[in-house]
Amino acid sequence: MPHQDVRVRFAPSPTGGLHLGGVRTALYNYLFARQHGGKFILRIEDTDQTRFVPGAEEYIIQCLEWCGLTPDEGPHVGGPFGPYRQSERKHLYRQYAEQLIENGWAYYAFDTPEELEAKRRQHPNFQYDTQTRSQMTNSLTLPAQQVKDWLEEGRPHVIRIRMPEHKTLHIHDLIRGEVVFHTDQIDDKVLLKADGMPTYHLAVVVDDYLMQISHVFRGEEWLPSTPVHLLLWENLFGIEYMPKWAHLPLILRPDGHGKLSKRDGDRLGFPVYAMDWTDPFTGETTRGFREMGFLPEAFLNMLALLGWNDGSEQEIFALDELTERFSIDRIHKAGARFDFEKAIWFNHEWIKRLPITHYLETIKAFFHQHHIALPNDTQLIPTLELIKDRCRLLTDFVEQGKFFFVPPETYDWSAIQKKWSPQMKACFEAWEQELANIHPWKAETIEQSLISTATQHALKKNDMLLPLRIMLVGGKFGPPVFQIAEHLGQRETQQRIHHALSHLE
RNA sequence: GCCGCGUUGGUCAAUCGGCUAAGACGCCUCUCUUUCACGGAGGAAUGACGGGUUCGACUCCCGUACGCGGUACCA
């Protein structure tokens, strides 16, 4: 009897940084599992030993953790269906491949990679399939004794699926509906490689069965190989155990055409990976969303809406809201272009919505990276609150807030040059002395004081504002200037005016 | 080449036969703020093409075009 519980898996192969498309796949899996009270499983698909990259698995786990997509089972937390790393399950697969051979659904093939390559050079459209396998070196064409001998002497071989002839395969996809394939068009995929490792096709079916996976959410690039999986399910475990398929639309590059790749990010100046990834072989680091100043809430929100919407006008969703609203039938069929500007917009919205305390530590870390010393939290938080609305990325806090903690190194004098005069200088010099008499040190009282000093010098307050801003901030930006002065404190404000005046004639 | 999937503004997209085709991002204008942003109000901008079906097609069907994916002892 097929199992009823919802069990879904995110099954990346640990070959490098975690692509945003991968995170979205993980997200949809996670949402579906949570929505149905099911389990979200992490399985590491490391059957290609030549592509093993040290550190990649740990990195993937950290990315999921940063996003808040915590697996219920996985190589790092264990679980009742382990091991969760395919390389550690190697011994499991061969028996299934051999079972298929016994039933006539697979065969041994002794063609070497070199032979196959030569064949493909000769016939560019060569495919190892129902038509061509009779000309190849395999257990279907060789005498039984020959096969037996070769196997006994350990001759390298693979096991290939034997595609039936002239059959139509119907696959029901939760997103696309009925998809039909013809077996004559499909090649005899390798199931077990010469090194004894299964290929994706065998491993995915065996493990989904053994791990009792109920639904498979994976990228659309897998759709063409689904008929192979279907046949395997049919002949190994029974179609009634087969998970439901949902092939997700691809995330496309913003310009031109094609799947979004790491290279597009490098070229166009935006991240593609969830977090910074350093290639252990070249030492080269690729920037990630996290390090670029994205909140995980925004990152996930943006990804969720790339290919799905709930039909309303709402665009901002927290993870628990997504869990509530998510539905497979509202997933788009067509691929979506990634738009970095929109991603930034999502981040801005989340920065504005969340309390500073929610991401205080992250901001502090960014300041520390720039060697900027910060005051204690009770003083820091109100200051950050003041600039919050103008920060689209968390790294913007450094840019927008630095002047609160470090006096300006340069001044944008050009902004005030036209209106600057000796009278104005005299007025500021007088006001500088006045600062000590301002009580309490509040934006309103500071403003009143400036007004009265300006009036005494036959100047207008409004003409004083920009020069004051330049003296305190260095440039033409930031919150209202008297609030800046309030946050700076009397002493610091006085010092900055004094210092600025000594540099102005 | 073959197979599969897809096609509403520049981008994300709503629409499940009644459309004068939502909304968001971005862009432009105005407004607020005597800084820069935020906010607020407006604006320009869309159904690939050709046939059907229908009283009526963006919506259904069939072609064509275009795009993408697959076609590995990679996943």
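Each chain gets a letter, A, B and so on, in the order its sequence line appears, and its residues count up from 1.
Nucleic acid contact class of A:Pro124 (heavy atoms, under 4.0 Å, all strands): none. Using a 4.0 Å heavy-atom criterion, one finds that A:Val190 contacts the sugar-phosphate atoms exclusively. Residue A:Ala334 is in sugar-phosphate contact alone, with no base atom involved, counting any heavy-atom pair closer than 4.0 Å across all strands shown. In this structure, A:Lys352 reaches the sugar-phosphate backbone alone: every heavy-atom distance under 4.0 Å involves primed, P, OP1 or OP2 atoms, never a base. Residue contacts for A:Val204: at a heavy-atom cut-off of 4.0 Å it reaches no nucleic acid atom on any strand shown. Residue A:His247 is out of contact with every strand shown, counting any heavy-atom pair closer than 4.0 Å. Residue A:Pro479 is classed as a base contact, given a heavy-atom separation below 4.0 Å to a base.
In this entry B:G26 has no Watson-Crick or G-U wobble partner, no candidate having both defining distances under 3.5 Å. Applying the Watson-Crick and G-U wobble criteria (two distances, each under 3.5 Å), B:A14 pairs with nothing in any strand. Applying the Watson-Crick and G-U wobble criteria (two distances, each under 3.5 Å), B:C68 pairs with B:G4. Nucleotide B:U59 forms no Watson-Crick or G-U wobble pair with any nucleotide shown, as no partner meets the under 3.5 Å limit on both distances.
Using cut-offs of 30° and 60° for the angle between ring planes, the A:Phe338 and A:Phe340 rings count as tilted. Using cut-offs of 30° and 60° on the angle between ring planes, the pair A:Tyr59 and A:Trp277 is perpendicular.
Atom pair A:Arg9:CZ and B:A75:C1' shows a separation of 12 Å (rounding to whole Å applied). To the nearest angstrom, C1' of B:C38 lies 6 Å from NE2 of A:His348. Between the C1' atom of B:G23 and the CD atom of A:Gln314 lies a distance of 13 Å, rounded to the nearest Å. Regarding A:Phe338, its CZ atom lies at a distance of 16 Å from the C1' atom of B:G10, rounded to whole Å. The separation between A:Leu260 atom CG and B:G69 atom C1' is 15 Å, rounded to whole Å. Whole-Å rounding puts the A:Gln86 CD to B:C74 C1' distance at 13 Å. The CG atom of A:Leu465 sits 13 Å away from the P atom of B:C36 (whole-angstrom rounding). When the P atom of B:C16 is taken as reference, atom CG of A:Asn309 falls 13 Å away, rounded to whole Å.
When each of B:G4, B:G69, B:G26 is scored by its nearest atom to the side-chain atoms of A:Pro224, the top-ranked nucleotide is B:G69. For A:Arg176, whose side chain is taken as the heavy atoms from C-beta onward, the closest listed nucleotide among B:G4, B:G23, B:G6 is B:G6. Here B:G4 is the nucleotide among B:C25, B:G39, B:G4 with the atom lying nearest to any side-chain atom of A:Phe181. Closest to the side chain of A:Arg390, from the set B:A37, B:G26, B:A72, is B:A37. Picking from B:C5, B:C74, B:C73 the nucleotide with the shortest atom distance to the side chain of A:Arg51 gives B:C74. Between B:U35, B:C74, B:G26, one nucleotide has an atom nearer to the side chain of A:Pro480 than all others, and that is B:U35.
Contact annotation: A:Thr47 reaches the phosphate of B:A75 (side-chain N/O to OP1 or OP2, under 4.0 Å). OP1 or OP2 of B:U15 has at least one side-chain nitrogen or oxygen of A:Arg330 nearer than 4.0 Å. Side-chain nitrogen and oxygen atoms of A:Lys342 include none within less than 4.0 Å of the OP1 or OP2 phosphate oxygen of B:G23. Between A:His201 and B:C73 there is no side-chain polar atom (N or O) within less than 4.0 angstrom of OP1 or OP2. Residue A:Arg337 places at least one side-chain N or O closer than 4.0 Å to OP1 or OP2 of B:U11. Not one side-chain nitrogen or oxygen of A:Arg469 sits closer than 4.0 Å to the OP1 or OP2 atom of B:C36. An OP1 or OP2 oxygen of B:A37 is reached within less than 4.0 angstrom by no side-chain nitrogen or oxygen of A:Lys476. Residue A:Lys119 places no side-chain N or O under 4.0 Å from the OP1 or OP2 atom of B:A72.
Taking a 6.0 Å sphere around CZ of A:Arg263, one finds it holds 12 or fewer heavy atoms contributed by other residues, nucleotides or ligands. Residue-environment remark: NZ (A:Lys244) stays at or below the threshold of 12 foreign heavy atoms within 6.0 Å.
A salt bridge links A:Asp463 with A:Lys419: at least one charged nitrogen is closer than 4.0 Å to a carboxylate oxygen.
A cation-pi contact, defined as under 6.0 Å to the ring centre and within 45° of the axis, links A:Arg155 to A:Trp150.
Of the candidates A:Phe40, A:Phe217, A:Phe326, A:Phe10, A:Phe326 is the only one forming a ring pair (Phe, Tyr, Trp, His ring centres under 6.0 Å) with A:Tyr28.
Between A:Lys461 and A:Leu223, it is A:Leu223 whose nearest contact on RNA chain B lies nearer the 5' terminus.
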